[in-house]
Asks: 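For reference, the structure I am asking about is given below.
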Amino acid sequence: MNYQVVIVAAGQGTRMGAEMNKVLLTLHGIPVIIYTLRVFEQDPDCTGVVLVIKESERKTFCELIRRYHINKVTELAEGGRERQESVYNGLAKLGDSQETIVMVHDGARPFVTRNQIARVAEAADRCGAALLAVRVKDTIKQVACHSVSKTLERESLWAAQTPQAFRMSVIMQAHREGRVRHFKVTDDASLVEQLGQTVEVVEGSYRNIKLTTPEDMIIAEKFVQEEEKADANRPRV
Ligand SMILES: Nc1ccn([C@@H]2O[C@H](COP(=O)(O)OP(=O)(O)OP(=O)(O)O)[C@@H](O)[C@H]2O)c(=O)n1
Ligand SMILES: C[C@](O)(CO)[C@H](O)COP(=O)(O)O
């Protein structure tokens with residue numbers, strides 16, 4: 001199932017507390033964003049990447065794209081104050097084919113796999129909108145004034161991941177509607193839900209983490225080590 005992808009990489013990385021954009025931090029000497037871009041560069045079903053960046057980091061990203069031979073980046077779009085606006089700006093750069101499958105992916109999620117991508121694309125083609133998610137492992141409390149106001153029933157709770165995948169017509173309408181009605185969301189599927197449309201949940205992976213706080217970089221280093229070891233042990237064809 002062919003698709004295009006908008007990869008958002010224009011955040012501040014506040015929770016990471018780094019000196020720089022967290023997607024420019026390196027794992028074994030390679031920037032996080034390159035791990036993410038490589039997954040799509042090496043996926044034959046990916047027909048194009050729109051990378052959303054801060055204008056002030058354009059030169060840095062262009063240099064990385066060149067150095068690491070990321071050829072599928074067809075457009076650069078300017079990030080917005082919030083992730084929602086960054087996604088909107090990225091979508092605006094895509095072609096106008098209404099039935100293409102388009103994905104939105106966090107640049108800070110470098111460990112997504114082709115199998116996960118293929119499954120969420122297939123689900124979006126079938127029902128218009130889909131997202132990767134994993135069952136939550138902890139008991140989730142709703143809190144007000146530092147006291148529990150509600151304990152949510154864990155059996156029905158899933159943690160949303162990305163990519164989130166959509167038919168182009170669905171996500172474009174959802175983002176336009178979201179702007180008109182001033183919806184503020186932290187993921188794109190929420191905008192489709194606001195339209196009352198079905199969003200299918202596709203099982204993701206606990207390894208598809210979003211690098212958000214310093215602890216996540218420690219986990220990411222481990223994952224990279226494991227992948228390098230697996231590559232070294234893979235028989236040469
Ligand atoms: N205005 C924004 C905010 C976020 N993002 C991107 O959206 C993804 C998920 O966002 P998040 O993890 O929140 O990144 P930051 O906003 O950078 O982190 P923080 O909230 O800690 O500042 C990241 O790849 C980030 O670069 C973006 O493109 N534009
Ligand atoms: C889109 C997302 O990764 C799904 O879990 C998450 O909502 C992004 O939130 P952030 O605050 O922009 O990291």
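Predicted, not measured: the structure shown is a model, and the values here were computed from it. Ligands are counted one by one from 1 in listed order, and the atoms in each one are counted from 1 as well.
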Asks: Hey, is CD on Glu228 packed in by over 12 heavy atoms from elsewhere, all under 6.0 Å?
Replies: yes
Asks: So, are Arg135 and Glu155 salt-bridged, with charged N and O less than 4.0 Å apart?
Replies: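 Yes, Arg135 and Glu155 are salt-bridged.
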Asks: Here's one to test your reading of the geometry: is the NZ or CZ of Lys137 within 45 degrees of the ring axis of Tyr206 and under 6.0 Å from its centre?
Replies: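 Checked: cation-pi criterion met.
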Asks: In terms of relative ring orientation, are Phe223 and Phe111 parallel, tilted or perpendicular, with 30° and 60° separating the classes?
Replies: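 Phe223 and Phe111: perpendicular rings.
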Asks: Looking only at the side chains, is there a donor atom on one of Asp43 and Tyr3 sitting less than 3.5 Å from an acceptor on the other?
Replies: yes
Asks: Using a 3.5 Å cut-off on N/O to N/O, what pairs does ligand 2 make with the protein? A line per pair would be great.
Replies:
| unit_1 | atom_1 | unit_2 | atom_2 | d |
| --- | --- | --- | --- | --- |
| ligand 2 | 3 (O) | Asp106 | OD2 | 2.6 |
| ligand 2 | 3 (O) | Arg109 | NH2 | 3.0 |
| ligand 2 | 5 (O) | Arg109 | NH2 | 3.3 |
| ligand 2 | 5 (O) | Ala160 | O | 2.7 |
| ligand 2 | 7 (O) | Thr186 | O | 2.7 |
| ligand 2 | 11 (O) | Arg15 | NH2 | 3.1 |
| ligand 2 | 13 (O) | Arg15 | NH2 | 3.2 |
| ligand 2 | 13 (O) | Lys210 | NZ | 2.6 |

Asks: Heavy atoms only: give me the nearest Thr162-Asp106 pair and the separation to one decimal.
Replies: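 Shortest heavy-atom separation between Thr162 and Asp106 comes out as OG1-N, 3.0 Å.
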Asks: Could you check whether Lys59 pairs with Glu63 (Lys NZ or Arg NE/NH1/NH2 to Asp/Glu carboxylate O, under 4.0 Å)?
Replies: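 So Lys59 does not pair with Glu63 through a salt bridge.
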Asks: Identify whether the distance between the nearest side-chain nitrogen and carboxylate oxygen of Glu85 and Lys184 falls below 4.0 Å.
Replies: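 Result for this pair is no, no salt bridge flagged.
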Asks: Under a 4.0 Å threshold between the charged nitrogen and the carboxylate oxygen, would Glu41 count as salt-bridged to Arg38?
Replies: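 Here Arg38 does not pair with Glu41 in a salt bridge, since their nearest N and O are not under 4.0 Å apart.
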Asks: Taking only heavy atoms of the protein into account, state which residues are under 4.0 angstrom from an atom of ligand 1, in chain and number order.
Replies: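 Protein residues near ligand 1 are Val8, Ala9, Ala10, Gly11, Gln12, Gly13, Thr14, Arg15, Lys22, Gly80, Arg81, Glu82, Arg83, Ser86, Asp106, Gly107, Ala108, Lys210.
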